[in-house]
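Per chain, numbering begins at 1; letters A, B, ... match sequence-line order.
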Amino acid sequence: MPELPEVETVCRGLRPVLEGHKITEVRKNRPDLRFPIPENFVSVLQGARVEHIGRRAKYILMRLDNGWNIGWHLGMSGRMVIDDITRPEEKHDHIVIANDEGKAVFFCDPRRFGYVFTVAEDEIEDCKHFAHLGPEPLGNAFHADYLEQALKGRKTPIKNALLDQRIVVGLGNIYVCEALYYAGIHPETPSKNLKRTHIDTLLPIIQDVLNKAIAAGGSSLKDYVQASGELGYFQHQFAVYGQEGEKCPNCSCDKSVERIVQSGRSSFYCPETQLRL
DNA sequence: CTTTCGTCCTGACTGC
DNA sequence: TGCAGTCAGGACGAAA
């Protein structure tokens with residue numbers, strides 16, 4: 001599912017098709033995704049020029065030249081496929097937007113966990129979806145002093161804390177599992193048990209895991225396709241995610257990766273490499 | 001305030 | 001071969 005690196009990759013793939021281009025056609029094939037598609041969605045996009053494609057957390061933000069922005073969340077199974085506007089639609093193509101050169105973005109989302117919203121330029125930070133977001137993990141505001149403060153006194157497991165978008169955005173189940181593995185921290189560790197030294201270790205590892213995934217062009221699971229629509233996107237091999245029963249990749253360890261369920265989500269970890277604090 | 005849990009959805013997979 | 005059941009998971013909102 002798309003986490004920060006995948007969304008970043010989608011943004012990069014969308015830019016050549018949309019930035020600087022006028023939207024000449026908008027097709028909305030159903031009234032709702034996870035939430036209703038806003039009434040003004042089509043009229044806001046129709047005829048507008050896309051000034052910028054940005055990303056905040058796991059949201060794609062399309063800034064238009066008419067004062068509006070389109071916010072876009074890919075949910076679990078959302079894909080952006082770029083092709084000619086003449087391409088026949090596929091079963092779960094819910095939204096199609098075409099540019100002034102006959103190219104189109106097909107938003108395909110079988111599970112419909114994705115959603116779109118419209119927001120005026122000066123209301124972005126205060127809107128429902130953005131108001132409670134924490135700092136970007138690759139930005140200056142995400143530093144050890146901040147994370148120490150954010151985890152202080154909280155007994156919730158570190159796994160859950162890192163998934164909490166109010167603490168830090170962009171991380172999902174995969175990259176949290178991976179970061180905790182490389183940091184050698186057991187996912188059930190109460191957040192408040194992390195000492196400053198652990199935070200100093202963990203924080204740059206989170207950034208490293210994300211940066212490497214971005215560099216790899218976003219990782220690919222079952223239902224993610226790179227925005228360019230091109231073949232050959234990177235098939236990521238994870239250290240622990242989805243590796244239950246496989247040998248821990250740490251060469252000085254002969255244990256196997258185990259799976260537990262935390263708050264209904266699978267956590268993968270090595271019982272020897274990752275310590276309970 | 002913090003924390004947990006139900007909800008949304010369909011395709012892939014498992015087991016009988 | 002068919003069918004029922006389970007699982008995957010992001011974010012919201014309600015409830016404890």
**Message:** Would you say A/T156 places a side-chain N or O within less than 4.0 Å of OP1 or OP2 belonging to B/dT2?
**Reply:** no
**Prompt:** Should the pair A/R79 and A/F107 be classed as cation-pi, given the thresholds of under 6.0 Å to the six-membered ring centre and 45° from the axis?
**Reply:** no
**Salt bridge present between A/E188 and A/K159 (N-O < 4.0 angstrom)** = no
**Message:** Between A/G153 and A/K91, which residue's closest nucleotide on DNA chain B lies nearer the 5′ terminus?
**Reply:** A/G153
**Atom pair distance, as rounded to whole Å: NZ in A/K58 and P in C/dC12** = 10 Å
**Complete:** From CG of A/L33 across to P of C/dG10 the rounded distance in Å is 18 Å
**Asked** What about A/R265: does its side chain form a donor-acceptor pair under 3.5 Å with the base of C/dA8?
**Response** no
**Asked** When you measure from the side chain of A/Y59, which nucleotide among B/dT10, C/dC12, B/dT3 comes out closest?
**Response** C/dC12
**Asked** Between A/E6 and A/K58, does at least one N-O distance fall below 4.0 Å, as a salt bridge requires?
**Response** no
**Message:** How many whole angstroms separate atom CG of A/D164 from atom P of B/dT3?
**Reply:** 9 Å
**Interatomic distance where CD1 belongs to A/I167 and P belongs to B/dT3 [whole Å]** = 8 Å
**Item:** Check ion pair A/E8-A/R12 (N to O, under 4.0 angstrom)
**Value:** yes
**Message:** In this structure, how many angstroms lie between the P atom of C/dG10 and the CD atom of A/Q262, rounded?
**Reply:** 13 Å
**Prompt:** Using a cut-off of 4.0 Å on non-hydrogen atoms, how would the nucleic acid contact of A/R30 be classed: base, sugar-phosphate, or nothing?
**Reply:** nothing
**Request:** Give one of base, sugar-phosphate or nothing for A/S263, where a contact means two heavy atoms less than 4.0 Å apart.
**Result:** nothing
**Request:** Taking only heavy atoms on the protein side, list every residue of residues 118-135 of chain A lying under 4.0 Å from any atom of DNA chain C, sorted numerically.
**Result:** A/K128, A/H129
**Item:** Euclidean distance, atom CE of residue A/M76 to atom P of B/dG11 [Å, nearest integer]
**Value:** 14 Å
**Asked** In whole angstroms, how far is the C1' atom of C/dC7 from the CZ atom of A/R259?
**Response** 9 Å
**Side chain of A/R112 (C-beta onward), nearest among C/dC12, B/dT10, C/dG10** = B/dT10
**A/N99 side chain to A/V17 backbone, donor-acceptor under 3.5 Å** = yes
**From C/dA8, B/dC8, C/dC12, nucleotide with atom closest to A/R111 side chain** = C/dA8
**Prompt:** When you check the side-chain N and O atoms of A/D109 and A/H92, is any donor under 3.5 Å from an acceptor?
**Reply:** no
**Prompt:** Relative to A/F35, does A/K128 satisfy both conditions: NZ or CZ under 6.0 angstrom from the six-membered ring centre, and within 45 degrees of the ring's axis?
**Reply:** yes
**Complete:** Looking only at C/dG10, B/dT3, B/dC9, the nucleotide nearest the A/R154 side chain is B/dT3
**Request:** For A/F113 and C/dG13, give me the distance from atom CZ to atom C1', rounded to whole Å.
**Result:** 15 Å
